[in-house]
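As the structure is a prediction and not an experimental result, all values here were calculated from the model.
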Amino acid sequence: MTTSPSQPQVTKSDAEWRAQLSPQEYAVLRQAGTERPWTGEYVDTKTVGVYACRACGAELFRSETKFDSHCGWPSFYEPSSDDNVVLREDRSLGMLRVEVLCGTCHSHLGHVFEDAPQTPTGDRYCINSVSIRLQPAEG
């Protein structure tokens, strides 16, 4: 499942990221932090639309693939395109996980787990709300 990260298409200095992002956004997106479970604005959202990277605006997920996994973070069963995310092995916290990064700017989004048999893919992309922004569908 892990793909090797290519070079990000959007690159900024640390100072530029700090100026653009709030302290919480910076901690999660640029330092691979995690928001507390059940606190993110998109945990229970059912709005139809596209979820984009909060750092660079690139499309990541569509609302049709969002599902309630009862994990405390917004969950999706697949990105809107495989190129929209980069998957990287993460051995932090003394365990093996797969980190999900924005395919455009390589900001940290969350992790993906193969523990969702109720979905078409079996995957649960567990994404921090602070890493994404919902762009509601028009109409």
Side-chain angles (χ1 to χ4, degrees):
M1 176 190 292
T2 304
T3 60
S4 59
S6 58
Q7 292 300 315
Q9 297 168 17
V10 172
T11 56
K12 296 183 181 188
S13 70
D14 190 58
E16 289 172 313
W17 285 122
R18 284 184 186 274
Q20 174 189 330
L21 303 169
S22 73
Q24 184 186 22
E25 290 168 345
Y26 182 84
V28 173
L29 288 158
R30 304 308 305 168
Q31 297 179 312
T34 302
E35 65 192 358
R36 289 188 335 270
W38 307 108
T39 62
E41 67 181 300
Y42 299 125
V43 174
D44 296 318
T45 301
K46 306 285 189 226
T47 304
V48 174
V50 171
Y51 290 86
C53 176
R54 198 171 291 233
C56 73
E59 180 178 321
L60 300 168
F61 301 96
R62 295 193 171 262
S63 59
E64 302 86 62
T65 65
K66 188 173 186 289
F67 70 102
D68 190 357
S69 67
H70 307 285
C71 72
W73 291 273
S75 297
F76 304 86
Y77 60 79
E78 68 183 352
S80 56
S81 169
D82 288 340
D83 294 342
N84 291 358
V85 299
V86 171
L87 304 179
R88 177 169 72 188
E89 186 175 282
D90 176 4
R91 292 186 176 268
S92 65
L93 303 179
M95 65 181 94
L96 176 61
R97 299 183 292 172
V98 178
E99 181 182 16
V100 181
L101 305 172
C102 171
T104 302
C105 70
H106 288 199
S107 289
H108 174 78
L109 304 172
H111 291 86
V112 62
F113 304 94
E114 296 174 331
D115 64 359
Q118 72 274 35
T119 70
T121 63
D123 293 331
R124 174 175 55 95
Y125 286 80
C126 188
I127 305 299
N128 292 285
S129 287
V130 73
S131 296
I132 54 179
R133 180 169 285 121
L134 174 61
Q135 300 165 343
E138 295 186 22

Query raised in the report: Among all residues two or more places apart in sequence or in another chain, which pass the ring pair (Phe, Tyr, Trp, His ring centres under 6.0 Å) test with Tyr42?
Result: Tyr51

Requested in this report: Any pair with a residue in residues 75-85 that passes side chain to side chain donor-acceptor pair (under 3.5 Å), sequence neighbours left out, goes on the list, sorted by first then second residue, please.
Outcome: Glu59-Ser80, Ser69-Ser75, Ser80-Asn84

Report task. Give me the other members of the hydrophobic cluster that Val43 sits in, counting Ile, Leu, Val, Met, Phe, Trp and Tyr linked by side-chain heavy atoms under 4.5 Å, directly or via other members. Result -> Trp38

Query - Qualifying residues under salt bridge (charged side-chain N to carboxylate O under 4.0 Å, His left out), relative to Asp115, sequence neighbours excluded - result: Arg124

Report task. Please identify each residue that fulfils salt bridge (charged side-chain N to carboxylate O under 4.0 Å, His left out) with Glu64, with sequence neighbours left out. Result -> none

Of all residues at least two apart in sequence or in a different chain, which pass the side chain to side chain donor-acceptor pair (under 3.5 Å) check with [X]?
{"X": "Ser13", "result": "Glu16"}
{"X": "Asp44", "result": "none"}
{"X": "Ser131", "result": "none"}
{"X": "Glu99", "result": "Arg88, His108"}

Looking only at heavy atoms, what is the nearest atom pair of [X] and [Y], with distance?
{"X": "Pro79", "Y": "Phe61", "result": "CA-CD2, 3.5 Å"}
{"X": "Val48", "Y": "Ser63", "result": "CA-OG, 3.3 Å"}
{"X": "Leu60", "Y": "Val85", "result": "CD2-CG1, 4.3 Å"}
{"X": "Thr119", "Y": "Gly122", "result": "OG1-N, 2.9 Å"}

Rounded distance [0.5 Å steps], [atom1] in [X] versus [atom2] in [Y]:
{"X": "Ile132", "Y": "Cys102", "atom1": "CD1", "atom2": "SG", "answer": "11.5 Å"}
{"X": "Asp68", "Y": "Thr45", "atom1": "CG", "atom2": "OG1", "answer": "11.0 Å"}
{"X": "Leu96", "Y": "Asp90", "atom1": "CG", "atom2": "CG", "answer": "8.0 Å"}
{"X": "Gln20", "Y": "Leu29", "atom1": "CD", "atom2": "CG", "answer": "9.0 Å"}
{"X": "Leu87", "Y": "Asp123", "atom1": "CG", "atom2": "CG", "answer": "8.5 Å"}

**Report entry** Asn128 (side chain) donor-acceptor with Val130 (main chain) under 3.5 angstrom
**Finding:** no

**Report entry** Val28 reachable from Val10 in the ILVMFWY side-chain graph, under 4.5 Å edges
**Finding:** no

Query raised in the report: If you group Ile, Leu, Val, Met, Phe, Trp and Tyr by side-chain heavy-atom gaps below 4.5 Å, do Val50 and Leu134 land in one group?
Result: no

**Report entry** Those residues that, when tested against Pro37, pass side chain to side chain contact (heavy atoms under 4.5 Å, CB included) (two or more places apart)
**Finding:** Trp73

Query raised in the report: Ala52: what forms a side chain to side chain contact (heavy atoms under 4.5 Å, CB included) with it, not counting sequence neighbours?
Result: Gln135

Report task. Write out all pairs satisfying salt bridge (Lys or Arg N to Asp or Glu O under 4.0 Å) with one or both partners inside residues 21-37, taking only residues at least two apart or from two chains. Result -> Glu25-Arg54

Query raised in the report: Do Pro74 and Glu41 have side-chain heavy atoms sitting under 4.5 Å apart?
Result: no

